[in-house]
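Written out below as structure tokens is the structure these notes cover.
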Amino acid sequence: MVNIPVFAPAIGEDTKEHIGRALDVGWLGMGAFTKEFEDRIASFLGLRGRYVVATNTGTSALHLALRAAGVGPGDEVITPSFNYVAGHQAVRMTGADVVMCDIRDDDLGIDVESAAECITRRTKAIMPLHFAGVPCHIEDVYALAKARNLRVVEDACQAFGSSVVGGKIGSFGDLAAFSFDPVKVVTCIDGGCVITPTQSWQEGLQRRRFLGVDKETVVRYANQRAWDYDVVCEGYRYHLNNIMASVGISQLKRAQEFISSRRSVCRAYSAAFERLPGVRVPATDFQGVSPFIYCLRVLDGRRTALMGHLYDHGIECGIHFVPVHKHTEFAGARRSDMRVTDKVVTEVLTLPLHSNMRMDFVDRVIKGVSSFFSPVKEYAVR
Ligand SMILES: *Cc1c(COP(=O)(O)O)cnc(C)c1O
């Protein structure tokens with residue numbers, strides 16, 4: 001019996017063909033495929049009057065977005081502790097201080113009241129996370145930002161393709177950053193992008209993405225190089241190369257299929273677990289959600305026992321996340337009360353979720369979890 005991994009890449013012949021064609025072009029660096037990938041992202045997200053800047057990782061997208069929001073030394077950025085550490089490190093990279101707030105008990109997104117309590121004269125921006133692909137209470141975040149004159153950088157790394165009433169995440173609002181890393185719903189193997197609301201910021205981001213060089217974007221998008229150029233600002237080496245972009249293009253063509261298949265699995269899980277005593281299923285029907293992970297909450301301190309039981313059944317699971325305020329490097333950062341976060345992080349358990357997941361895997365996960373909570377029924381079935 002093979003183990004069921006938490007994540008599994010959805011790389012088919014189509015992706016291999018795209019990579020092969022990109023290699024045959026013979027232009028390995030940032031180029032025409034980078035531009036095509038950005039154009040396809042814009043059309044997939046339904047962008048109007050908003051602009052895409054592709055990057056080599058989601059972390060660099062977050063860093064660039066924070067810089068575009070004007071975040072720098074002396075500033076503070078408020079973000080939940082309940083997140084992967086990439087956003088927090090990106091804040092550090094700007095020279096600003098990260099301030100951590102609590103989350104809501106339902107969608108595990110930012111608790112806007114807790115964020116409001118953290119605001120000081122130094123606060124420059126709020127960085128909410130759409131956890132697991134489930135949109136947070138983003139309207140409340142924008143209302144707070146407007147009232148207190150703050151910028152918003154959405155950590156949308158887990159929410160590519162998710163939408164709220166106003167449209168897909170990234171298609172409205174201030175700045176958003178996506179990740180296309182190896183385990184994300186759409187992958188470039190490694191990649192990311194920033195969405196900006198103005199063309200002049202797009203141009204600024206393009207220069208910062210490429211060492212502050214003024215001409216690189218336009219020339220390289222034609223698979224060429226400029227030999228006379230100027231360096232006009234601080235910059236990094238954050239561009240997305242043609243080969244990784246070609247992987248992203250192949251994946252984007254199948255994004256809707258990936259999202260729909262993941263949604264079906266999430267709904268099957270929730271239907272199976274909803275009435276189990278001792279767990280809480282995600283507070284969503286997955287309508288409009290592009291599910292990155294399926295997060296089950298295991299109550300009464302039984303998570304470790306359930307993990308052991310699943311492991312015995314060849315089912316791997318994960319924990320998202322260790323809260324950032326518990327990490328050595330961030331223990332001294334200013335933060336709010338972490339009542340909800342400190343409880344939630346003892347409960348969350350990530351079950352296997354793949355695009356086009358094998359039905360026998362789905363069945364095994366459902367039986368594995370159910371048999372832990374109602375062993376008698378399971379034996380009766382056998
Ligand atoms: C994946 C992810 C990142 C980092 O993206 P990379 O592309 O791996 O750099 C940041 N934040 C969150 C919430 C993520 O899920």
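Just so you know, ligand 1 is whichever comes first in the structure, and atom 1 is the first atom listed for that ligand.
- Here the straight-line distance linking atom CG of Leu296 with atom CG of Leu306 works out to 7.0 Å at 0.5 Å rounding.
- Listed by atom number, the atoms of ligand 1 under 4.0 Å from Ser179 heavy atoms are 1 (C), 5 (O), 6 (P), 7 (O).
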Side-chain atoms of residues 70-83: list all donor-acceptor pairs with protein atoms under 3.5 Å, sequence neighbours left out, distances to 0.1 Å.
{"unit_1": "Asp75", "atom_1": "OD2", "unit_2": "Gly72", "atom_2": "N", "d": "2.8"}
{"unit_1": "Glu76", "atom_1": "OE1", "unit_2": "Thr120", "atom_2": "OG1", "d": "2.8"}
{"unit_1": "Glu76", "atom_1": "OE1", "unit_2": "Arg334", "atom_2": "NH2", "d": "2.9"}
{"unit_1": "Glu76", "atom_1": "OE2", "unit_2": "Arg122", "atom_2": "NH2", "d": "3.1"}
{"unit_1": "Thr79", "atom_1": "OG1", "unit_2": "Met127", "atom_2": "O", "d": "2.6"}
{"unit_1": "Ser81", "atom_1": "OG", "unit_2": "Val324", "atom_2": "N", "d": "3.1"}
{"unit_1": "Ser81", "atom_1": "OG", "unit_2": "His325", "atom_2": "N", "d": "3.1"}
{"unit_1": "Ser81", "atom_1": "OG", "unit_2": "His325", "atom_2": "ND1", "d": "2.7"}
{"unit_1": "Asn83", "atom_1": "ND2", "unit_2": "Asp155", "atom_2": "OD2", "d": "3.0"}

#### Entry: Pair Glu38-Arg209, salt bridge (charged side-chain N to carboxylate O under 4.0 Å, His left out): steps then yes or no
CA-CA 14 Å; Glu38 291 177 336; Arg209 164 177 76 174; 3.0 Å; yes
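- The protein heavy atom nearest to atom 13 (C) of ligand 1 is Asn83 OD1, 3.2 Å.
- Looking at ligand 1, you won't find any N or O of Leu129 less than 3.5 Å from one of its N or O atoms.
- Heavy-atom proximity to Thr57, at under 4.0 Å, picks out these atoms of ligand 1: 7 (O), 9 (O).
- Ring centroid separation for the pair Tyr84 and His320 does not come in under the 6.0 Å cut-off.
- If you check which protein heavy atom lies closest to atom 14 (C) of ligand 1, you get Lys184 NZ, 3.2 Å.
- Note: no N/O pair closer than 3.5 Å links Asp190 and ligand 1 by distance alone.
- With Phe292 as the aromatic partner, Arg262 does not meet the cation-pi criteria of under 6.0 angstrom to the ring centre and within 45 degrees of the ring axis.
- No hydrogens or angles considered: a donor-acceptor pair under 3.5 Å links the side chains of Thr57 and Ser60.
- The protein non-hydrogen atom at the shortest distance from atom 11 (N) of ligand 1 is Asp155 OD2, 3.4 Å.
- In terms of heavy atoms, Ala132 sits closest to Ile293 at CB-CG1, 3.6 Å.
- If you check which protein heavy atom lies closest to atom 4 (C) of ligand 1, you get Thr59 OG1, 3.7 Å.
- Ring-plane geometry between Phe178 and Phe160 is classed as perpendicular, the angle between the planes exceeding 60 degrees on a 0 to 90 degree scale with a lower cut at 30.
- Listed by number with element, the atoms of ligand 1 under 4.0 angstrom from any heavy atom of Ala86 are 4 (C), 10 (C).
- Between atom 3 (C) of ligand 1 and the options Ala159, Cys157, Gly191, the minimum heavy-atom separation is to Cys157.
- Nearest non-hydrogen protein atom to atom 8 (O) of ligand 1 is Asp181 OD2, 2.7 Å.
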